[in-house]
Amino acid sequence: MQPLYNKSMECLLCKQKSTTKKVRSRFAKVTKYDTDFCPIYTDSSINALYYTIFVCPHCGFSYSEDFSRYFPPATKEVIEEKVSSRWVPQHFSNERSIKDAINTYKLASYCGALKKEKHIILAGIHLRIAWLYRITQNSKQEERFLKFALTEYEASYSTGDFIGTRASEAKILYLAGDISKRIGNDMAAIKYFSLVFERQKNARETSLIQMARDRFQEIKHEQGNHTIAASFNR
């Protein structure tokens, strides 16, 4: 049995059918996760992240299974004008390299923005692009897309568009804190981790709260002063 299999897809935009590759779950074994939930696979050659995005070979519309099937008024026409009319037929339906994977996510990011997809969905796409750049050790591009992800997580939190999705308020706040820490904004990280702590009485995600505490302690240890403790105790 091969790690990859073909999954039939019907494009949300043009409704034409094609196939995309997916990784069989038994082969996608995760050794550990980074603090922002980036999975580290036991076999680096079998990375399920590479196959999250479906790229329609007919019209170019690219999306993940988290995208809504609903298209706000006029967005289909905009996508057809800006993507489909300029689409050079190409296939991402075979085995993907990490470069291929990054390109599919960037296509999905563009299509998602034109479709006016939820901030929480766009945040996840940008975060995964950052993860892929982390694998390639391209720290400049990783930071760039972490910043994009943070902007979208903040927008999702302020608008509440994560409600009804798999993302919780605590997880968004934690990720905003972790990303802030990664891009060098420790004070913003403290703010977000503190918000996670404030909501712990109502949160069932005890492991997430502990992760926030661990990250907070890392900052406190790195700074080695009382400023952070004072900020935390306000």
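Computed from a prediction, not measured in an experiment: that's the story for all the values here. FYI, the numbering just counts along the sequence from 1.
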Would you say CD of E218 has more than 12 non-hydrogen atoms from neighbouring residues, nucleotides or ligands within 6.0 angstrom? yes

Ignoring hydrogens, what is the shortest heavy-atom contact between K115 and P72? Give both atom names and the distance. O-CD, 3.3 Å

Side chain proximity check, Y153 to L173, heavy atoms < 4.5 angstrom: no

Is the closest side-chain heavy-atom distance between C56 and L13 below 4.5 Å? no

Taking the side chain as C-beta and beyond, is there a heavy-atom pair between E117 and S68 under 4.5 Å? yes

Intermediate values then yes/no, side chain to side chain contact (heavy atoms under 4.5 Å, CB included), T20 and S93: CA-CA 5 Å; T20 190; S93 57; 5.5 Å; no

Write down the atom of S62, the atom of F67, and the distance for their closest heavy-atom approach. O-CE2, 4.0 Å

Using the rule given for side chain to side chain contact (heavy atoms under 4.5 Å, CB included), can you reason through T159 versus H119, listing the C-alpha separation, both sets of side-chain angles and the distance that settles it, and then say yes or no? CA-CA 9 Å; T159 62; H119 295 293; 3.9 Å; yes

For a side chain to side chain contact (heavy atoms under 4.5 Å, CB included) check, start with the C-alpha distance between R134 and R182, then their side-chain angles and the critical distance, and finish with the verdict. CA-CA 12 Å; R134 187 179 303 164; R182 286 177 178 273; 3.4 Å; yes

Side-chain (H126) to main-chain (L122) donor-acceptor, under 3.5 angstrom: yes

For the NZ atom of K22 and the OH atom of Y50, what is their distance to the nearest 0.5 Å? 15.0 Å

Kindly check if the number of other-residue, nucleotide or ligand heavy atoms within 6.0 Å of CD (Q137) is above 12? no

Looking at Q2, I want to see if its CD is surrounded by more than 12 non-hydrogen atoms of other residues, nucleotides or ligands under 6.0 Å. no

Does one side chain, of E142 or N138, offer a donor that lies under 3.5 Å from an acceptor on the other? no

Is it the case that N94 and K21 place a side-chain donor and acceptor less than 3.5 Å from each other? no

Is K15 atom NZ crowded by more than 12 heavy atoms from other residues, nucleotides or ligands, each under 6.0 Å away? yes

Given 3.5 Å as the limit, does a donor-acceptor pair link the side chain of K181 with the main chain of I219, or not? no

Is the closest side-chain donor-acceptor distance between T52 and Y105 under 3.5 Å? yes

Between I120 and S156, which heavy-atom pair has the shortest distance, and what is it? CB-OG, 3.5 Å

Can you give me the closest heavy-atom contact between C14 and C11, atom names plus distance? N-SG, 3.4 Å

Side chains of T75 and Y70 in contact at under 4.5 Å (non-hydrogen atoms): no

For the side chain of R96 and the backbone of A101, is there at least one donor-acceptor N/O pair under 3.5 Å apart? no

Modelled atom types, side-chain donor and acceptor of S18 and H58, under 3.5 Å: no

Looking only at side chains, do Q141 and R144 share a donor and an acceptor under 3.5 Å apart? yes

Under 3.5 Å, is there a donor on one side chain and an acceptor on the other for S85 and E80? no

To the nearest 0.5 Å, atom CG of L132 lies from atom NZ of K106 at 10.0 Å

Output yes when a side-chain donor or acceptor of Y41 lies under 3.5 Å from a complementary backbone atom of K32, and no otherwise. no

Can you confirm whether Y33 is buried at OH, in the sense that more than 12 heavy atoms of other residues, nucleotides or ligands lie under 6.0 Å from that atom? no

One should read off an interatomic distance between F197 CZ and I190 CD1, to the nearest 0.5 angstrom, of 10.0 Å

Atom CD1 in I53, atom CG in D100: separation rounded to 0.5 Å? 13.5 Å

Student check: side-chain heavy atoms of K116 and L114 closer than 4.5 Å: no

Can you tell me how far apart NZ (K191) and CG (D186) are? Round to the nearest 0.5 Å. 13.5 Å

If hydrophobic clusters are built by linking Ile, Leu, Val, Met, Phe, Trp and Tyr wherever their side-chain heavy atoms come under 4.5 Å apart, do I163 and L208 end up in the same one? yes

Taking all heavy atoms of A48 and all of V23, pick out the closest pair and write down the distance. CA-CG2, 3.9 Å

Any heavy-atom pair between the side chains of F92 and L107 that's under 4.5 Å? yes

Separation between CG (L12) and SG (C111), nearest 0.5 Å, reads 10.5 Å

How close do V55 and G60 get, counting heavy atoms only, and between which atoms? CG1-O, 4.4 Å

Look at the side chain of S84 and the backbone N and O of C59, then say whether any donor-acceptor pair between them is shorter than 3.5 Å. yes

Assign the ring pair F148 / F145 to parallel, tilted or perpendicular, where the plane angle (0 to 90°) is split at 30° and 60°. perpendicular

Going by atom types alone, do R128 and S64 pair a side-chain donor with an acceptor below 3.5 Å? no

Result for side-chain contact (heavy atoms from CB on, under 4.5 Å) between L150 and one of L127, D178, I179, L175 points to I179

K76 to F71 six-membered ring, cation-pi geometry met (6.0 Å, 45°): yes

Heavy-atom distance under 4.5 Å between the side chains of D43 and F27, does that happen here? no

Keeping T165 on the side-chain end and D161 on the backbone end, is there a donor-acceptor pair under 3.5 Å? no

Would you please say whether a donor-acceptor pair under 3.5 Å links the side chains of E154 and Y192? yes

Does N185 reach the main-chain N or O of A188 with its side chain, forming a donor-acceptor pair under 3.5 Å? yes

According to the interplanar angle, ranging from 0 to 90°, do the rings of Y174 and F193 count as parallel (below 30°), tilted (30 to 60°) or perpendicular (above 60°)? tilted

I want to check a possible cation-pi pair here: K118 against F162, using under 6.0 Å from ring centre and within 45° of the ring axis as the test. no

When clusters are formed by joining ILVMFWY residues with side-chain heavy atoms under 4.5 Å apart, either directly or through shared neighbours, do I183 and F37 land in the same one? yes

Between T31 and T42, do the side chains contain an N or O donor and an N or O acceptor separated by less than 3.5 Å? yes

For the residue pair E152 and Y157, establish whether any side-chain heavy-atom pair is separated by less than 4.5 Å. no

Go through the side-chain N and O atoms of W131 and D36 and say whether any donor and acceptor fall under 3.5 Å apart. yes

